[in-house]
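Presented below is the structure to which this report refers.
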Amino acid sequence: MMFLIQGETGSGKTTQIPQYLYEASIGRQGIIGITQPRRVAAISLAARVSEEKKTELGTLIGYTVRFEDLTSDKSKIKFLTDGMLLREAIGDPLLRRYSVVILDEAHERTVHTDVLFGIVKAAQKKRKELSKMPLKVLVMSATMDVDLFSQYFDRAPVLYLEGRQHSIQVFYTKESQSDYLHASLVSIFQIHQEAPPSHSILVFLTGQEEIEAMSRTCREIAKHLPQGCAQMSVFPLYASLPHLQQLRVFQLGQKGCRKVILSTNIAETSITIPGIKYVVDTGMVKAKRYTPESGLEVLAVQKVSKAQAWQRAGRAGRQQAGICYRLYTEEEFEKFLNMTVPEIQRCNLASVMLQLLALRIPNILTFDFMSKPSPDAVRAAIEQLELLGAIECKDSQIILTQLGKKMAAFPLEPRFSKAVLLSPEFQCSEEILTIVSLLSVDSVLYNPHTKREEAHSVRKRFISSEGDHMTLLNIYQAFKNVGGHKEWCRENFVNGRNMAMVTEVRCQLRDICAKFGVRLESSRSNTSNIRQCLAHALFLNAAELQLDGTYATLDTRQPVAIHPSSVLFNCKPSYILYNELLHTSKCYIRDLCVVDPEWLYEAAPEYFGRKLKGVNS
DNA sequence: GAGCACTGC
């Protein structure tokens, strides 16, 4: 059985449907699992349904997210992140514990949901063949892309639910706007002068810097408005804004004072702000794209999709009828893509391919994706995994190696799990675990731009001439030496929350290591072992100093520059590893580690032999 | 001499 449910936000589908299914005894033989793209959503939905059922959270209704499992043997309805269900599937590709799987928020098309589409489809078929308990699948989406879903799931029937969304009037500009920042300023103050101050305005912009600059401008203009005009409070909103400041958007506005929220697309899905009457949509978003041929990631401002524009407009009609001003013409809107390109077509696939192999998918090259990634991206991922020793390609068969099997067990990018598994050979597992943990969470470095100089000078004592990895390691070790004080974090411009996360991730990785009997030891004062180990795992991300003083990557000879945030910014080591290559205003490499070229050759002699030949010919 | 959108295991 397979159903698609299309229902707008507010239709109550996510909280009600699991309960109906449970009451109809469909959950008798197994669990009803409901996936969510975000942790907070999984947790809060479980809490809400549990309350409606008047049960204690974690008994009949529970949730599972990374680091937190609030379920018991009694749990029949379980909310979990899509990534978590994917992890579970690696241990049990048939998802035997589940009688129903509900993939919610499917329109968001996260990589995890996209892989799950294929997994549940295959599990359903396989369970039928084996005459096991049938798997019922429900896919829930808020947008009209259900046709694509229906087609993928063999023309599964679609149920349409009525929403409780209020009507929204949409206005376009008459003429194309060359400067969307200026256009949004004009719109904000026009609304401000015409509408009652209790009507809040939500403006969609592209990034932190733009939002901070616009906040300043708005506040400045608001100061000089004519007598009788209402006051205005401006709230910036973006993900890297400290949590407490994010929460300010939920405060009730002062009487007679207008709330203006300037936000990134975080307000599109993750954060719902009450009382929005007006939405101003610039039609722009900052998004990452990936080029498999060059391995280049590009972060650039681009046009939103139609679906995204509708999602934004919808934010105006949550509590009352709303109005959306689009700062582009209707003709321009018609040229927007219907849907945002799913993430699976915009990312490095190494992790995904490794997971598919761990899921024992017979042929990952022909895996039934709803939206197929490009053959180039698949090829690049396979190549990467082969170079890392995770897979072997024999007679057009791709086989997961013993190493690859272990790599797939870590919640890490393949190159990082490779570093962890190699670390015993270099007697530096403790240090590698720390470094990898530091790299897999948001930066622990806190750089408020008002105290930039101070942060810089305080951090000097941690700087290692061997690069950013070693500098981060120094910071972590200093943090541990003082017993992980909050006070210490404040004094040293370290983000305490992210540091706490590092500790949690490190514990999880340590547990997985223990399961595999990975020997854990410290290299003590020997740092070259650590860098050698990194070289053996990150050799695909190496750059070489050129005669003219610039850098080029060894992989594709892409010219790159050291990012100014690196401790190596003013240095010119001959060979460096980098964690990330991102094109913003230039091609920058970030998070660097000084290495010896011999280590690179040792790590992958054949590969570097090939690369050298390429240079000479 | 930059300034990175957003998630997740």
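Computed over heavy atoms, backbone and side chain alike; hydrogens, waters and symmetry mates excluded. Each chain gets a letter, A, B and so on, in the order its sequence line appears, and its residues count up from 1.
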Test: [X] and [Y] ion pair at under 4.0 Å:
| X | Y | answer |
| --- | --- | --- |
| A:R510 | A:E430 | yes |
| A:K286 | A:E210 | no |
| A:K288 | A:E343 | no |

Whole angstrom value for the distance that separates [atom2] of [N] from [atom1] of [X]:
| X | N | atom1 | atom2 | answer |
| --- | --- | --- | --- | --- |
| A:H583 | B:dC4 | NE2 | C1' | 14 Å |
| A:N447 | B:dA2 | CG | C1' | 11 Å |
| A:E209 | B:dC4 | CD | P | 7 Å |
| A:E68 | B:dC9 | CD | C1' | 14 Å |
| A:H563 | B:dG3 | NE2 | C1' | 7 Å |
| A:N265 | B:dC4 | CG | C1' | 12 Å |

Name the nucleic acid region contacted by [X], choosing base, sugar-phosphate or nothing; use a 4.0 angstrom heavy-atom cut-off, strictly under.
| X | result |
| --- | --- |
| A:S440 | nothing |
| A:Q508 | nothing |
| A:T81 | sugar-phosphate |

If you compare every side-chain N and O of A:T264 against the phosphate oxygens of B:dC6 (OP1, OP2), does one of them come in below 4.0 Å? yes
Item to complete: Look at A:T269 and B:dT7 and indicate whether a side-chain polar atom (N or O) is within less than 4.0 Å of OP1 or OP2.
Response: no
* B:dG3 base to A:R452 side chain: any donor-acceptor pair below 3.5 Å? -> yes
Note to self: Taking atom types as they are modelled, would you say the side chain of A:E580 forms a donor-acceptor pair with the base of B:dC4 within the 3.5 Å cutoff?
What the structure shows: yes
Looking only at B:dC9, B:dG1, B:dC4, the nucleotide nearest the A:T584 side chain is B:dC4
Which of B:dG3, B:dA5, B:dG8 is nearest the side chain of A:Q208? It is B:dA5
Partner of A:F204 under side chain to side chain contact (heavy atoms under 4.5 Å, CB included), picked from A:V285, A:V279, A:L327, A:V280, is A:V279
query: Is the NZ or CZ atom of A:R326 positioned over A:F333's six-membered ring, under 6.0 angstrom from the centre and within 45° of the axis?
result: yes
